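A short write-up of the structure that comes next.
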Amino acid sequence: MAIDQDVGDLLIMGDSDLIIWQAQGEWETRDVKLIPYWQHVEDLSKRFRSVEFRERHGYCNAIEAGPSIQPWYQDVKRFLKTQEYPEHATRDQKRTIRWQVLSKTDDLE
């Protein structure tokens with residue numbers, strides 16, 4: 001669709017860090033089933049002037065903007081201090097918080 005409309009610059013938002021890193025070439029795609037998709041993304045990317053990938057976790061989409069909203073990393077900070085998840089966090093949200101904590105902890109070492 002973007003190609004048909006002569007879009008030059010493309011912004012792709014995704015909620016899977018692994019897929020985004022693979023699409024950017026930062027991580028190798030090893031799953032045989034995913035290699036054709038990666039190759040297709042590579043081919044399509046050549047048809048645009050620029051392609052940018054941004055990570056946006058699914059639970060961020062559910063937050064409504066407002067003056068009382070805490071920063072997105074507030075849940076991670078709370079988890080680091082108390083080892084407790086937000087009261088209504090789903091299993092996926094808890095997994096994302098754990099992943100963010102672990103990935104940032106690795107950066108500190």
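Atom set for the values below is all heavy atoms of this structure, side chains included, hydrogens, waters and symmetry mates excluded. None of these values were measured; they are calculated from a predicted model.
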Can Ile35 be reached from Tyr37 by stepping across I, L, V, M, F, W or Y side chains whose heavy atoms are under 4.5 Å apart?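 No.
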Count I, L, V, M, F, W, Y as connected when their side-chain heavy atoms are under 4.5 Å apart, and connections chain through other members. Are Leu44 and Val41 then in the same cluster?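 Per the 4.5 Å side-chain linkage, Leu44 and Val41 are co-clustered.
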Nearest 0.5 angstrom please: Asp75 CG to Gln100 CD, how far?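 So the CG of Asp75 and the CD of Gln100 are separated by 9.0 Å.
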Please table the atom pairs, donor to acceptor, closer than 3.5 Å between any side-chain atom in residues 78-88 and protein atoms at least two apart or in another chain.
from: Arg78; atom 1: NH1; to: Tyr85; atom 2: O; distance (Å): 3.1
from: Thr82; atom 1: OG1; to: Arg78; atom 2: O; distance (Å): 2.9
from: Thr82; atom 1: OG1; to: Glu84; atom 2: N; distance (Å): 3.2
from: Gln83; atom 1: NE2; to: Phe79; atom 2: O; distance (Å): 3.2
from: Tyr85; atom 1: OH; to: Arg98; atom 2: NH1; distance (Å): 3.0

